[in-house]
Amino acid sequence: MSEVLLEVQNLKTYFTITKGKVKAVDGVSFTLNKGESIGLVGESGCGKTTTALSVIRLLPKEGNVEGGKIIFEGNDITNLEEEKLSDFRWKEVSMIFQGAMNALNPVKRVCDQIAEPILLHEKISKTEAMKRVKELFELVELDTNLMYSYPHEFSGGMRQRAIIAMALACNPKLIIGDEPTTALDVMVQAQILDLINDLRKKLNMSMIMITHDLSIITETCDKVAIMYAGKIVELGETEEVVTNSLHPYTKMLISAFPNIYGERKMVDSIPGDPPDLYNPPEGCRFAQRCHMVNSKVCIPEESPPLIDYTGEGHFVACHLWRNSNV
Amino acid sequence: MSIRFILNRLFYTFIMFIFVVTLNFALFRLMPGDPLTMVSKEVASSPEGRATLEHLYGLDKPMFQQYIDYLKSMTTFDFGISFHYKQPVINILGDKIKNSLILGIAAVPLGIAIGIIGGIIASSRHGKKTDVIITTSSMIIYAIPTFWFAMILLMIFGVKLGWVPINSMVTPGANFLNNMEYIKDLLHHLIVPVISYSVAIFGSYLLIMRGAMIDVFTEDYVLTARAKGLKEKQVIMRHVVPNALLPISTTVIYSLAIIFTGAFSIEVLFSWPGMGKLMVESVNRRDYPIMQASNYLIAVAVILANFIMDVVYGYLDPRIRIG
Ligand SMILES: Nc1ncnc2c1ncn2[C@@H]1O[C@H](COP(=O)(O)OP(=O)(O)OP(=O)(O)O)[C@@H](O)[C@H]1O
Ligand SMILES: [Mg+2]
C-alpha cells in the first residue's frame, strides 16, 4: 500500500478564554497517505480550521494542542520548536486560507509574494526564483505578463489562481485548502476546483480540503471526514460514505445539500444548533439534534468511539451502529 | 503614477490656493481693531493723517483693485512693511523661518521616528506588559500640556541643574570666534526645546502607528506570511509595517511640510525666535502685514503639503497609483 504522509492521533486543540477552555478539536484522528486527499466537512464552528491550523502549527496564541499527536512523514511535529517550524511551513505543508481573497499583500507585487517562500526555503537567486514564478503562472494558467502586477489588478478568480501558485511554490507534500472557493462565483469556483484537482494529481501532492459543501468533496477527495462539534463522526472513502452513510448527521448533511435531482435545500436547514464547545454535553454530542436517538442504546454519559464499522475503513462514531454491530 | 493624476491634483491645489488667498484677503478687512492706530497713534488721530496713511497702505483704493494688488503682491512674496519692525516683512519672516526650521528639523523627525518605532514595538507585543507600559506612558505624556512638560524640563535642567541655557537660540550678546563655537552654543540651546517638542508630538504617531499595526496583524496576508515560514520579525517588517505605514504616511508628510511654520508653545516658552513666537507677538501688536503674510505662508504650506501627500500616497499605495 501507499506510504503514510500524515497521521493525526487523538488530537485535542483547545482555546483558552477567560471563562475556561473551548474544546474546538476534541479527539480527532485520521491518516492521510501520500498523494491522497481528504475532505473535512461540517457545519460552521465544528473545528475544521482549528484542525488544519494545528497541522500547520499556526494556531492563534490562545489555542493549544493539549493532547494527541501529529505525525508528519514519521516525525512527531506536535512540539516542533519555532526554529524548525520555519523550515517546515510551506516547504512541507502550505495552506490556502479561508477567505483567501485577502491572502495577497496589497502593497507587494504578485510575483514577489510568490517568490518570497521560494527565496526563503531554497538557496537560489532572485532571477531563478522569478523564473519559477513564471512557470507557476503558466501552471495555474495565468497570463505571465501579469506577474509584475499588484493584487488589486487581478479579478477574484485570477487572485485565487495566484494564491494556488503561491501554495505550490515550494512543491509541498501537503496542501490544505480552507474553503478555497467560497468567495468565488459558481463558474469560477468550478474552474478553480478543477485546477486544484488536476495539479494535485499531476504533482502527486496530498491535500486536506475543508468545506461545508459535500459536493465539492465528492469531486475532489478520496476520503472524507465528517466533523461535528470538535469530533469526527464518520470517516471513510468518499464514495462509500456518501452512498452508504451511517451516521444520522451525515445522512442529514447529504439530504440537505443541494442536489440537482431533488429540491434545493441548504446545509443550515438541519434544525437546531451545534452545542457550545465551551461546555459540550457529555456523551454523544449530536444527541439533542438527532431524530434517531434511542434511549436504550444512546447512553447519555458515554461518548461513542469511532469504530471501523465495515472492517474496511468505514468509521463511524454512533451508539446505534456500535450496538447493532455486536 | 499617471501624469493625469498629478495634473488633476495640481488643478485642485490651484483652486484651493485662490480660495485661501481670497479668504485671507477678506478676513483681515473684517477683523475688529484699527490697524492704522497701530502704525502711529498720533498720525492716525487726525483726519488728514489717516488719509495719508490710508493712501500709503493703499487702503483708499477700490476693494477690487486692492484684491488684485493683493494677489500680485502675494505671488511675488511682497508682503509690505511690518508695522512693528518698520522693515520689509519678507526680511523678518526669512529669519524667523530659518530659526523655526532649525528647531523643527531637529525635533519633528525625531518625534515621528520615536512614535513610529514605539508603535511597532508596542503592537508586536500587543496585550503584553511591554505594550501596556509603552502605550499608557505615551498616552499620559500625550495628555500632558506641552508647555507644562517643557516648563518642568526647563526647571530641572535649566534652573536647578544649570546644565542648559533657559532661553533663546544662542547666548545673547556673545561674540563667536568661529562657526564651530556658534554651532556648539546653538546645539546647547537646542537640547531642551528639541526634547520637549519631540515628546509633545511622538505620542500621537505612536498611537496611530500602533492602531494601524494591530489592524494589519489580523489580515489574511499576515497569516499567510507566517504560514510561509517567515520569522515573526520578517512578517512584521515585510508585511505588516509597509501596510501600517500607509495611514500614517499622510500625517507624517503633512507634519514635515509645515515644519517651517513653527511651534507656538515651545517657541514662546523657550523664547525661540521662530515663526510661532513671531505670530503670537504679531497678534498682540496687531502687526497686520506680518500676520497676513504668516497666515498666507501657512495656508500655502498646508495646500502644498496636501498636494505632496496625495502624490506620495499614490506612490506608496499601488491601489491608488493607477487612479
Ligand atoms: N481564537 C479563538 N479563540 C476562542 N475560540 C475560538 C478561536 N478560534 C476558534 N474558536 C472556536 O473554536 C471552534 C472551532 O472553530 P473553527 O474555526 O475551527 O471552526 P470551522 O469548522 O473552521 O468553522 P467555519 O466553517 O465557520 O470556518 C468554534 O467554536 C470557535 O468559536
Ligand atoms: Mg473555518
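Computed over heavy atoms, backbone and side chain alike; hydrogens, waters and symmetry mates excluded.
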So which part of B/Leu230 gets closer than 4.5 Å to some heavy atom of chain A, the side chain, the backbone, both or neither? both

Spacing of B/Thr224 atom OG1 and A/Leu104 atom CG [to the nearest 0.5 Å]: 7.5 Å

How about NZ on A/Lys69, more than 12 heavy atoms from neighbouring residues, nucleotides or ligands closer than 6.0 Å, or not? no

In terms of heavy-atom contacts, does OH of B/Tyr142 have more than 12 from other residues, nucleotides or ligands at under 6.0 Å? no

Which heavy atom of B/Arg226 sits nearest to which heavy atom of A/Arg89, and what is that distance? O-CD, 3.4 Å

So which heavy atom on A/Asn105 is nearest to which on B/Arg238, and how close? ND2-O, 4.1 Å

If you take all heavy atoms of A/Gln98 and B/Asp220, which pair is closest and at what distance? O-OD2, 3.7 Å

Locate the shortest heavy-atom distance separating B/Asn243 from A/Pro106; write the atom from each residue and the value. OD1-CG, 3.4 Å

Please find the pair of heavy atoms, one from A/His152 and one from B/Pro318, that lie closest to each other, and give the distance. CE1-O, 3.0 Å

Would you mind telling me which of A/Pro117, A/Pro172, A/Pro60, A/Cys170 has the largest number of heavy-atom pairs within less than 4.5 Å of chain B? A/Pro117

If one checks every heavy atom of A/Glu82 against chain B at 4.5 Å, the contacting part turns out to be neither

Separation between CD (A/Glu116) and NE2 (B/His239), nearest 0.5 Å, reads 3.5 Å

State the CG-CG distance between A/Leu53 and B/Leu223, to the nearest 0.5 angstrom. 6.5 Å

Any chance CG of A/Asn79 has more than 12 other-residue heavy atoms, nucleotides or ligands included, within less than 6.0 Å? no

Minimum heavy-atom separation for B/Gly229 to A/Ser86, with atom names? O-CB, 3.3 Å

Would you find more than 12 non-hydrogen atoms of other residues, nucleotides or ligands less than 6.0 Å from A/Glu83 atom CD? no

Short side-chain to backbone donor-acceptor contact, B/Lys228 and A/Gln113, under 3.5 Å: yes

Would you mind checking which part of B/Glu232 comes under 4.5 Å of any heavy atom in chain A, side chain (CB onward), backbone (N, CA, C, O), both or neither? neither

